[in-house]
Amino acid sequence: MEATLQRKLATFLLEAEENVHDVKRITETKVPELTVDQAYKIQRDLVDLKLKKGLTIVGPKMGLTSKAKMDQMNVKDPIYGYIFSNMVHEGGSNISRKELIHPKVEAEIAFVLGEDIEGPGITAAQVLRATAYIVPAIEIIDSRYENFKFTLPDVIADNASSSKVVIGDKIKLPNELDLALVGTTLEINGELKAAGAGAAVLGHPAHAVAMLVNMLAKSGEKLHKGEVILSGAITEAILVESGDTVYAKWDGLGEVSFSFVD
Ligand code: 0L1
Ligand code: MG
């Protein structure tokens, strides 16, 4: 794909995000033959545009890590995107619903790295050794595409629907609990909406992070000390509305909540 078209598509998706409106899938209207590799190049341009605006990367994230989501998209591999400095909120925050198109929430486990990790060939055990601590997090995803519907290349180009993340403050060392066994519940306005365990994330969340490092290695990238890495959804993603309070609880890891204020 020509560099100018690539940049134009990244700008198109960024404009939709910044001005909070949905758009038709780029594979429907602009690039029907878009491949996964080309989609990651559009995502890279979108990341570079954000960096040029002065935003900083908090860390890459894994998406489509559950078997259910992969089956739904008919894919065998997860995808990645990037979380930026302006997307992060503390637990207990009030978040403006007006800044988002059609947000959904999912409960995740985040890894804060104590050292750089570079693939290929990285294992879950190496990820755990390189991890300084673990925190619970609620990711708010918000596809820029109409009706939250897309193909795999569409969603990769759209930075894996990255939008916001609410990060908890109860930190644990990676060896303090078996992350595969961490049970998680997600409630909206006090009503249980979804539940799962860490094993829903590719068998073990550290395995998802190892896969992320090995995927990044293909384009010469790595994970950096201090980055916060979302490993993927433990629960299904649930649509949220203005006025909702979202609460998630992880066995042994604590709880996180936030509210949509308008
Ligand atoms: O973080 C995620 O798992 C989202 C990945 C993109 C797919 C979606 O928007 O549902
Ligand atoms: Mg996610």
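Please read all numbers here as calculations on a predicted model, not as lab measurements. Just so you know, ligand 1 is whichever comes first in the structure, and atom 1 is the first atom listed for that ligand.
Each of the following atoms of ligand 1 lies closer than 4.0 Å to a heavy atom of Ile141: 1 (O), 4 (C), 8 (C), 9 (O), 10 (O). Listed by number with element, the atoms of ligand 1 under 4.0 angstrom from any heavy atom of Lys61 are 1 (O), 2 (C), 4 (C). Set against the non-hydrogen atoms of Lys69, the atoms of ligand 1 under 4.0 Å away are 3 (O), 4 (C), 8 (C), 10 (O). Short contacts between ligand 1 and Glu106, defined as distances under 4.0 Å to a heavy atom of the residue, involve ligand atoms 1 (O), 2 (C), 3 (O). Below 4.0 Å from some heavy atom of Phe148 lie the following atoms of ligand 1, by number and element: 9 (O). Heavy-atom proximity to Ser161, at under 4.0 Å, picks out these atoms of ligand 1: 6 (C), 8 (C), 9 (O).
For ligand 1, the polar-atom distance check against Gly63 finds no nitrogen or oxygen pair separated by under 3.5 Å.
Residue contacts with ligand 1: Lys104 is excluded, as none of its non-hydrogen atoms falls under 4.0 Å. Using a 4.0 angstrom heavy-atom cutoff, Ala237 does not count as in contact with ligand 1.
The shortest contact between atom 8 (C) of ligand 1 and any protein heavy atom is with Phe150 CZ, 3.5 Å. Closest to atom 5 (C) of ligand 1 among all protein heavy atoms lies Ala160 O, 3.7 Å. Of the protein's non-hydrogen atoms, the one nearest atom 6 (C) of ligand 1 is Val155 CG2, 3.6 Å.
Distances from the Mg ion (ligand 2) to the N/O/S atoms of Glu108 are shortest for OE2. The atom of Glu106 that is an N, O or S and sits closest to the Mg ion (ligand 2) is OE2. Looking only at N/O/S atoms, Glu139 comes nearest to the Mg ion (ligand 2) through OE1.
In this structure, Phe260 and Phe258 have perpendicular ring planes: the angle between them is above 60°, well past the 30° mark. Note: Tyr80 and Tyr40 have parallel aromatic rings, judged against thresholds of 30 and 60 degrees for the angle between ring planes.
Between the side chains of Ser93 and Glu90, no donor-acceptor pair of N or O atoms lies under 3.5 Å. For the 3.5 Å distance criterion, the side chains of Asp262 and Ser242 fail to qualify, holding no donor opposite an acceptor.
With a 4.0 Å heavy-atom cut-off, ligand 1 is reached by no atom of Leu230.
The cationic group of Lys30 lies under 6.0 Å from the six-membered ring centre of Phe12 and within 45° of the ring axis, placing it in a cation-pi geometry.
The closest side-chain heavy-atom distance from Val228 to Val165 is not below 4.5 Å. Side-chain contact between Met70 and Leu202 is present, with at least one heavy-atom pair separated by less than 4.5 Å.
Heavy atoms only, all atoms of each residue included: Val112 and Gly226 are closest at CG1-O, 4.3 Å. Pairing each heavy atom of Val256 with each of Gly168, the nearest pair is CG2-CA, 3.5 Å.
Rounded to the nearest 0.5 angstrom, Thr235 OG1 and Lys104 NZ are separated by 12.0 Å.
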